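These numbers were taken from a predicted model, which means no experiment stands behind them. Residue indices begin at 1 and follow the sequence shown. Order of listing sets the numbers, starting from 1, for every ligand and every atom in it. Only heavy atoms go into these numbers, but all of them, side chains included; no hydrogens, no water, no symmetry mates.
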Amino acid sequence: MKYSSFNLNEQNQKIESRIVVSLERISEAFRVLLWNESKENSLSPIQIQILIFIYYHSLEKCKVGYLADEFNMTKATISDSVKVLLSKELVTKETDPIDTRSFSLSLTNEGKKIAKKASFFASSIEHPIEKLTQEQKAIMLNGLLKLIYDLNNSGIITIQRMCFTCSNYQIDNGVHYCKLLNSKLAENELRVDCPEHELRI
Ligand code: SF4
């Protein structure tokens, strides 16, 4: 790559560069919205993200190590955030009955209340997407899934629970299929975070 995507001469010649810069603008919108939500609750953005993650995921995923991989952070950083959430009584520790040194996190009633409300922080990004045609949405979803898959393969982002990395996923002549659901998946049905995901080894 000769020029940066942020070099305007290059950017205006290449659609790839304009897509990269557009994604960067959208990531900025996420950052601002999450920051606003955090301020309202006197928590940091990562603390809000942890609460939302726990609210929507199973107990075995709500461990410090898993959260560190999920958010591409060190265990020490996640542990510091968890300490704050424990001290504010927004989460509690659930000790693993098999391995008593290990624990998962669950939300207290107050934690659930904050997580539920905070989980709408990105609604203003969803509204303009709703205005796209079904075809535009399917193309966008497919392109983004492929991008996430490649970033995952190159080790830039870690855990993924999408169809493309699942042992239940098959593709035959461009037709997507889920062995677990025993059903074809249309382009607009491909999942980005599936509770039944089983990592393909
Ligand atoms: S189990 Fe979920 S992630 Fe896996 S292929 Fe089926 S729908 Fe996709």
Within less than 2.8 Å of atom 2 (Fe) of ligand 1: protein N, O or S atom count: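 Protein heteroatoms (N, O, S) closer than 2.8 Å to atom 2 (Fe) of ligand 1 number 1.
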Test item: Lys88 and Leu85 side chains (from C-beta on) under 4.5 Å apart, heavy atoms: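 The answer is no; the side chains never approach within 4.5 Å.
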Is it true that the side chains of [X] and [Y] contain a donor and an acceptor less than 3.5 Å apart?
X: Gln160; Y: Asn152; answer: no
X: Glu110; Y: Thr108; answer: no
X: Tyr55; Y: Ser119; answer: no

Salt bridge Lys117-Glu37, side-chain N to carboxylate O under 4.0 Å: yes
Salt-bridge contact Glu70-Lys61 (side-chain N to carboxylate O under 4.0 Å):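 Judged by the 4.0 Å cut-off on N to carboxylate O distance, Glu70 and Lys61 do not form a salt bridge.
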